[in-house]
Amino acid sequence: ETGVTQTPRHLVMGMTNKKSLKCEQHLGHNAMYWYKQSAKKPLELMFVYSLEERVENNSVPSRFSPECPNSSHLFLHLHTLQPEDSALYLCASSHVGGNGNQPQHFGDGTRLSIL
Amino acid sequence: TQLLEQSPQFLSIQEGENLTVYCNSSSVFSSLQWYRQEPGEGPVLLVTVVTGGEVKKLKRLTFQFGDARKDSSLHITAAQPGDTGLYLCAAFYFNKFYFGSGTKLNVKP
């Protein structure tokens, strides 16, 4: 299997539930990213992990908790979400190093709906 | 304000028409990337432009990087329904990756 795989593709949850989104990359990359894509907003970078260390956290509410156990896997743990958190959550990976211009490879996202 | 401004935001055209979308900034970039995102999928890289004034062609798509490396354009010739999607420009800036807000293109048969 190649590329970036996200599971589940669709998730409906209540505001009091706890769930996790999973991302796996098979490209040998050393950086992974979580993005939020809402209908009327541009892609919002949430978290960046480089060499398994979190290097960026863009003022994301604590109800979103990322985890990167190794360079191939990335999780986004969700708890007590709000309706405005309904969005497409995209995972991406890239190789960081050298001239830093390496493109990002995206998964197909998890469509999250909060009831 | 966003680092990368894309225009137009929406574009609906008939099959066979030509179109140009723009990605503008007041900042200078070492390179710029274009992605296309089709409904229900993640963005996919189309091209990276690196040199000021560079023109790259990908079948009916022509990408140009501005001479000053602050802006870029994407021209599609004889658009087809398969070109429908969200077109995003992106760039590294001070070790961070930024996306534009995108141009949503709909090509009607």
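All values below come from the heavy atoms of this structure, side chains included, with hydrogens, waters and symmetry mates left out. What you see is a predicted model, and the numbers here were worked out from it, not measured in a lab. Residue numbering restarts at 1 for every chain, and letters A, B, ... go by the order of the sequence lines.
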I need the B/F92 CZ to A/Q102 CD distance, nearest 0.5 Å.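 Here the interatomic distance stands at 7.5 Å.
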When rounded to the nearest 0.5 angstrom, what is the spacing between CG in A/D108 and CD in B/Q37?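 Result: 9.0 Å between the selected atoms.
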Can you tell me if B/K56 has over 12 outside heavy atoms packed within less than 6.0 Å of its NZ?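 Yes, enclosed.
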Going by residue number, which parts of residues 61-69 of chain A are within reach of chain B, meaning a heavy-atom gap below 4.5 Å?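 Expected list: none.
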Give a yes or no answer on whether the side chain of A/R9 reaches the backbone of B/G40 with a donor-acceptor pair at less than 3.5 Å.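 Side chain of A/R9 to backbone of B/G40: a pair is present.
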Residues that B/K70 engages under side-chain contact (heavy atoms from CB on, under 4.5 Å), provided they are two or more places apart: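 Testing B/K70 for side-chain contact (heavy atoms from CB on, under 4.5 Å), a comparison that skips the adjacent residues, returns B/V28, B/A68.
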So, using side-chain contact (heavy atoms from CB on, under 4.5 Å) as the criterion, who are the partners of B/L45 when residues are at least two apart?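 Checked B/L45 against side-chain contact (heavy atoms from CB on, under 4.5 Å); matches are A/P103, B/Q33, B/Y35, B/T48.
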Contact listing (chain A partner; residues 74-89 of chain B; heavy atom under 4.5 Å):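 Against chain A, the residues of residues 74-89 of chain B that fall inside the cut-off (heavy atoms, under 4.5 Å) are B/L86, B/L88.
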Quick check on B/Q6 against chain A: is it the side chain, the backbone, both or neither that has a heavy atom closer than 4.5 Å?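 Neither part.
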Contact part of A/Q104 toward chain B, heavy-atom cut-off under 4.5 Å: side chain, backbone, both or neither?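 Both parts, backbone and side chain.
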A/Y33 versus chain B, the contacting section by heavy-atom distance below 4.5 Å: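 Neither part, no heavy atoms under 4.5 Å.
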Answer with yes or no whether the hydrophobic clustering places [X] together with [Y]; edges join I, L, V, M, F, W, Y residues whose side-chain heavy atoms lie under 4.5 Å apart.
| X | Y | value |
| --- | --- | --- |
| A/I114 | A/L76 | yes |
| A/Y89 | A/V48 | no |
| B/Y98 | B/F63 | yes |
| A/V96 | A/M46 | no |
| B/Y22 | B/L32 | no |

Test of ring centre spacing under 6.0 Å for A/F106 and B/F97: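 Between B/F97 and A/F106, which both carry aromatic rings, the centre distance is not below 6.0 Å.
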Shortest non-hydrogen contact between A/L90 and B/G42, atoms and distance: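 Taking every non-hydrogen atom into account, CD2-CA, 3.9 Å.
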Determine the minimum heavy-atom distance between B/S101 and A/P42, stating which atoms define it.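 Nearest pair, atom of B/S101 first, then A/P42: CA-CB, 3.5 Å.
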